[in-house]
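Everything below concerns the one structure shown next.
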2 protein chains.
Amino acid sequence: MKIGELSKRTGVSIRMLRYYEAEGLLKPRRAASGYRDYDTAEERTVERIKLLGSGGMTLATIRQFLPCVRGEGPVFEPCDELRTVLHEQIRLADQKAEKLAQSRRILRHFLLEIEQP
Amino acid sequence: MKIGELSKRTGVSIRMLRYYEAEGLLKPRRAASGYRDYDTAEERTVERIKLLGSGGMTLATIRQFLPCVRGEGPVFEPCDELRTVLHEQIRLADQKAEKLAQSRRILRHFLLEIEQP
DNA sequence: CTTGACTCTGACAGCGTTGTCACAGTTTAA
DNA sequence: TTAAACTGTGACAACGCTGTCAGAGTCAAG
């Protein structure tokens, strides 16, 4: 699958697909022409990156647990470290969610304030 | 209160306090020396900006409902518009929370994957 | 073969936020 | 008075992401 098709399938711009690669998150095969050739595993990877990214995660961070993102199954070497990173990221996500909720509360507070004269 | 004290009280850097002002979110009085002079109302404003910002809101966005942030009570002119903006922002916050939860779910999924060989 | 659509690389710019630096003026305490 | 700590302004840089543009090569259909 060429980059244009992957872009349409995932909704991720061609620009960003190339950027993912530059950041080391994708390594598509290359055709003789030099064109990138993605397989379906890579499509799934892109979907995961998209979701993690929309949660406010940096590509550099995502790269930390790339084996998971790639779905390469159980990891040997960095498994412990990986677990630590994952726990930390979950903690950060919770923290972020709390901030968001707090922010939302303020907005609702404002709303009540101006809706009750 | 001078900028250094406000910074210590709120935990917002001096740099950012000046930035808030440059973006039109604060208008502290000036002493004869040119030094900024903040009152307690402005301190509360900073706290609110901090919370809204930590929820991922842009200063330009926050400026839209500045009367609320400043706590200037009921607003006349832009009240309807303000309500619309607030509703929209709450909707966006919910949307962001949903993405965050989705992202978190993926992280937990990874965690389970590598914890069960 | 020709044409239009696609892809390649590399560079530049912008967003909003944040730190830092330099240089000048002000306040405060010794 | 002098020195240290603070404040002022303005500029520069960097972060991570994203679009766009230019110039060259490739593919697919007429």
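Every chain is numbered from 1 and lettered A, B, ... according to where its sequence line falls, protein lines coming before strand lines. Values below: every heavy atom of this structure, side chains too, minus hydrogens, waters and symmetry copies. All figures in this text were calculated on a predicted structure; none of them were measured in a lab.
Between B/Arg30 and B/Glu21 there is a salt bridge, since a side-chain N of the basic residue sits under 4.0 Å from a carboxylate O of the acidic one. For the pair B/Lys2 and B/Glu5, the salt-bridge criterion is not met [side-chain N within less than 4.0 Å of a carboxylate O]. A salt bridge links B/Asp94 with A/Arg104: at least one charged nitrogen is closer than 4.0 Å to a carboxylate oxygen. By the 4.0 Å N-to-carboxylate-O rule, B/Arg91 lies close enough to B/Glu88 to be salt-bridged with it.
For the side-chain contact (heavy atoms from CB on, under 4.5 Å) test, residues two or more places apart in sequence or in another chain that qualify with A/Arg63 are A/Glu23, A/Leu25, A/Ala60, A/Leu66. A/Leu51 pairs by the side-chain contact (heavy atoms from CB on, under 4.5 Å) definition with B/Gln102, B/Ile106, not counting sequence neighbours. B/Arg18 pairs by the side chain to side chain donor-acceptor pair (under 3.5 Å) definition with nothing, not counting sequence neighbours.
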Seminar exercise, completed: B/S/- along nucleotides 11-21 of chain C (protein heavy atoms under 4.0 Å) is -----SBBBB-

Exercise. Going 5' to 3' along nucleotides 3-8 of chain C, which nucleotides have protein heavy atoms under 4.0 Å from the base (write B), which only from the sugar-phosphate (write S), and which from neither (write -)?
Worked result: ---BSS

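When DNA chain D is scanned in the 5' to 3' direction for atoms under 4.0 Å from non-hydrogen atoms of chain A, the outermost contacting nucleotides are D/dG16 to D/dC27.
Of the possible donor and acceptor atoms, one in the side chain of A/Thr10 sits under 3.5 Å from a partner among the backbone N and O of A/Leu6.
When side chains are defined from C-beta on, B/Arg48 does not count as touching B/Ile62, because their heavy atoms never get closer than 4.5 Å.
Linking ILVMFWY residues whenever their side-chain heavy atoms come closer than 4.5 Å, directly or via other members, places A/Ile114 and B/Ile90 in the same cluster.
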